[in-house]
Chemist: 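Before I ask anything, here is the structure I am working with.
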Amino acid sequence: SAIQASKAAVKLTPTKEDYQKVYNTIAHILDEAGEYDDGSFGPVVVRLAWHASGTYDKTTGTGGSNYATMRFEPESLHAANNGLHVGRELMEKVKQQYPWISYGDLWTLAGVAAIQEMAGPKIPWRPGRIDGVASNVTPDGRLPDATQGAQHIRDIFYRMGFNDQEIVALIGAHALGRCHSDRSGFEGPWTFSPTTFTNDFYKLLFEEKWVWKKWSGPKQLQDKKTGTLMMLPTDYVLTQDKSFKKYAKAYADDQDLFFKDFSAAFAKLLELGVPSQQFVASEPWILQTLEEQKA
Ligand code: HIF
């Protein structure tokens, strides 16, 4: 009948398989970085997923990944988001191919794909975020300031609903990527393998001797031996604060424990601000890596 024909022409609710296709497209694009940074767009896309989610305030229920408000000014211009246009512009290519996906789903899925493709743990993920409007933008100051200490880290992450263990597990993501003097003012990578997800961040934190970098830029530490690695003041605090230190040491000693705890904390981060009835699945999905799909 005519009704059946017109129904068939309408795109039905996308399935897990449809999202796996988006994942695959993202995974291929992350690899097309050429000479950009360390040869992958993975790290900047992880940072995009995190900054899209980390604006959440549990008291007011505002912010988080639901409305993808970083598309709008002034949030796109907040200093904390410097450089993230690289990730957003990259994701436009994916959006053109899959116009039905929301930006919040696209950016968080990209973070998942980046972590998994860079040899990290599986991050459970499900779709359901919707695109908001400019009036949903969050005020400046909700993302962390790297020059500060333990109290500030707690203020920011407790506001999102995380505890000390989850905070320390999340910060291990700084195994990935680097700081850029023209974005944050800080400079350099945290590890020797910034495009592979490892627990090296914690290992280096405890195994290397860290000294303040002598330069005109913002206060940061460098490893005494090579001078090529860096730590932010907020990273170094994990060796100074008693509660943080306990977890950081545990993750330095046990990569499996770190992967398990990171996966849970990052999955939670990506769902902040999304009303649970909006999710299309009652449980998050595990999407496959490109490598696994070859088998
Ligand atoms: Fe980052 N982070 N982050 N971060 N971050 C930077 C870069 C990355 C903080 C500060 C910075 C998290 C928490 C915190 C990534 C992922 C995560 C930069 C450098 C700064 C200054 C930006 C630039 O110059 O390009 C602070 C203060 C945090 C709270 C303690 C999360 C846990 C670690 C939540 C997280 O997942 C990634 C990836 C990068 C690398 C980006 C790149 O372009 O390579």
Side-chain angles (χ1 to χ4, degrees), residues 30 33 36-56 64-65 78-88 90 107-108 110-115 117-118 120-121 123 141-160 162 164 166-191 193-202 205 217-221 230-238 240-241 244 247-248 251 258 261-263 265-270 272:
L30 296 181
Y36 173 80
D37 272 5
D38 304 286
S40 169
F41 289 118
V44 75
V45 160
V46 171
R47 184 170 163 245
L48 174 64
W50 133 239
H51 281 208
S53 310
T55 53
Y56 183 62
S65 65
H78 289 168
N81 291 329
N82 281 352
L84 289 180
H85 65 279
V86 173
R88 292 195 304 270
L90 207 62
W107 292 352
T108 55
V112 169
I115 288 165
E117 295 299 315
M118 291 189 287
I123 310 292
R142 288 204 178 176
L143 291 164
D145 170 358
T147 64
Q148 300 219 39
Q151 187 59 54
H152 173 74
I153 297 175
R154 288 197 173 92
D155 289 344
I156 295 282
F157 284 91
Y158 288 1
R159 189 205 67 224
M160 293 178 229
F162 290 108
D164 284 4
E166 292 170 314
I167 292 170
V168 177
L170 283 172
I171 296 178
H174 278 166
L176 299 173
R178 55 173 60 245
C179 296
H180 304 77
S181 52
D182 59 344
R183 296 182 187 175
S184 61
F186 299 97
E187 183 59 43
W190 290 267
T191 66
S193 54
T195 62
T196 308
F197 196 91
T198 64
N199 69 337
D200 286 359
F201 169 85
Y202 308 102
L205 202 50
K219 241 176 57 165
Q220 67 175 69
L221 297 114
M230 70 90 62
M231 288 287 168
L232 300 165
T234 44
D235 299 313
Y236 193 64
V237 154
L238 302 188
Q240 306 296 302
D241 180 272
F244 287 159
Y247 298 114
Y251 297 140
F258 166 54
D261 287 356
F262 176 81
S263 169
F266 204 77
K268 174 174 165 177
L269 174 70
L270 298 185
L272 294 179

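Residue indices begin at 1 and follow the sequence shown. We count ligands from 1, going down the list as the structure has it; atoms in each ligand are counted the same way. Reckoned from all heavy atoms, side chains included, excluding hydrogens, waters and symmetry mates.
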Chemist: Within a distance under 4.0 Å of any heavy atom of Ala146, pick out the atoms of ligand 1 and give their elements.
Modeler: 27 (C)

Chemist: Give the minimum heavy-atom separation between Gly149 and Val237, together with the two atoms involved.
Modeler: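 Where Gly149 meets Val237 most closely, the heavy atoms are CA-CG2, 3.9 Å.
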
Chemist: So Phe258 and Tyr202, would you call those rings parallel, tilted or perpendicular, with 30° and 60° as cut-offs?
Modeler: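 Aromatic pair Phe258/Tyr202 classed perpendicular.
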
Chemist: What do you reckon, does Thr234 have a nitrogen or oxygen under 3.5 Å from a nitrogen or oxygen of ligand 1?
Modeler: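 No; the residue has no nitrogen or oxygen that sits under 3.5 Å from a nitrogen or oxygen of the ligand.
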
Chemist: Short list, please: which atoms of ligand 1 are under 4.0 Å from a heavy atom of His180?
Modeler: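 The list of qualifying atoms is 23 (C), 24 (O), 25 (O), 42 (C), 43 (O), 44 (O).
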
Chemist: Check each atom of ligand 1 against the heavy atoms of Phe266 and keep those under 4.0 Å away; list them by number with element.
Modeler: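 Checking each atom against Phe266, I get 36 (O).
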
Chemist: Considering all heavy atoms of both residues, which atom of Gly111 and which atom of Val46 are nearest to each other, and what is their separation?
Modeler: O-CG2, 4.1 Å

Chemist: In Å and rounded to the nearest 0.5 Å, what is the CZ to OG1 distance from Arg159 to Thr55?
Modeler: 7.0 Å

Chemist: Suppose I only count heavy atoms of Gly177 and a 4.0 Å limit; which atoms of ligand 1 are within that range?
Modeler: 40 (C), 44 (O)

Chemist: How close does the nearest protein non-hydrogen atom get to atom 9 (C) of ligand 1, and which residue and atom is it?
Modeler: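 For this ligand atom, the closest protein heavy atom is His174 CE1, 3.5 Å.
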
Chemist: Counting non-hydrogen protein atoms only, what is the nearest one to atom 30 (C) of ligand 1? Give residue, atom name and distance.
Modeler: Ile171 CD1, 3.6 Å

Chemist: Would you mind checking which non-hydrogen protein atom is closest to atom 42 (C) of ligand 1, with the distance to 0.1 Å?
Modeler: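 Result: Arg178 O, 3.5 Å.
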
Chemist: Taking C-beta and beyond as the side chain, do Arg88 and Leu48 meet within less than 4.5 Å on heavy atoms?
Modeler: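 SC-SC contact between Arg88 and Leu48 confirmed.
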
Chemist: How close does the nearest protein non-hydrogen atom get to atom 13 (C) of ligand 1, and which residue and atom is it?
Modeler: Trp50 CZ2, 3.5 Å

Chemist: Using heavy atoms and a threshold below 4.0 Å, how should the contact between Leu232 and ligand 1 be classified: side chain, backbone, both, or neither?
Modeler: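 Answer for Leu232: side chain.
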
Chemist: Could you pull out the closest heavy-atom pair between Met160 and Trp50, with the gap in Å?
Modeler: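 Result for this residue pair: CE-CZ3, 3.9 Å.
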
Chemist: How are the rings of Phe266 and Phe262 set to each other: parallel, tilted or perpendicular (split at 30° and 60°)?
Modeler: parallel

Chemist: Using a strict 4.0 Å cut-off to heavy atoms of Phe186, name the atoms of ligand 1 that fall inside it.
Modeler: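 In order of number, 21 (C).
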
Chemist: What are the two closest heavy atoms between Val44 and Arg183, and how far apart are they?
Modeler: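 It is CG2-NH1, 3.9 Å.
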
Chemist: Would you mind checking which non-hydrogen protein atom is closest to atom 38 (C) of ligand 1, with the distance to 0.1 Å?
Modeler: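 Of the protein heavy atoms, Pro43 O, 3.3 Å lies nearest.
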
Chemist: Please list the nearest protein heavy atom to atom 19 (C) of ligand 1 with its residue and the distance rounded to 0.1 Å.
Modeler: Cys179 SG, 3.5 Å

Chemist: Any chance you could measure Phe201, atom CZ, to Thr191, atom OG1, to the nearest 0.5 Å?
Modeler: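 Here the interatomic distance stands at 10.0 Å.
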
Chemist: Counting from 1, what ligand 1 atoms have a heavy atom of Ala173 closer than 4.0 Å?
Modeler: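 Within the 4.0 Å cut-off of Ala173, ligand 1 contributes 33 (C), 35 (C), 36 (O).
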
Chemist: Would you please determine whether Trp190 falls within less than 4.0 Å of ligand 1 on a heavy-atom basis?
Modeler: yes

Chemist: For atom 32 (C) of ligand 1, what's the nearest protein heavy-atom neighbour? Residue, atom name and distance, please.
Modeler: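 Checking every protein heavy atom, the shortest distance to atom 32 (C) of ligand 1 gives Leu170 O, 3.0 Å.
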
Chemist: In ligand 1, which numbered atoms sit nearer than 4.0 Å to a non-hydrogen atom of Pro144?
Modeler: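 Selected atoms, number and element: 26 (C), 27 (C), 28 (C), 29 (C).
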
Chemist: Please report the interatomic distance CD1(Ile171) to OH(Tyr251), rounded to the nearest 0.5 Å.
Modeler: 11.0 Å

Chemist: Might you point out which heavy atoms bring Pro218 and Gly185 nearest each other, and give the distance in Å?
Modeler: CD-O, 3.3 Å

Chemist: Of all heavy-atom pairs between Leu30 and Val45, which one has the smallest distance, and what is that distance?
Modeler: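 The pair with the smallest heavy-atom distance is CD2-CG2, 3.8 Å.
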
Chemist: Counting heavy atoms only, which of Gly111, Gly185, Ala265, Ser184 is nearest atom 21 (C) of ligand 1?
Modeler: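 Residue with the shortest heavy-atom distance to the ligand atom: Ser184.
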
Chemist: Please list, in number order, the atoms of ligand 1 under 4.0 Å from a heavy atom of Arg183.
Modeler: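 It comes down to these atoms of ligand 1: 23 (C), 24 (O), 25 (O), 43 (O).
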
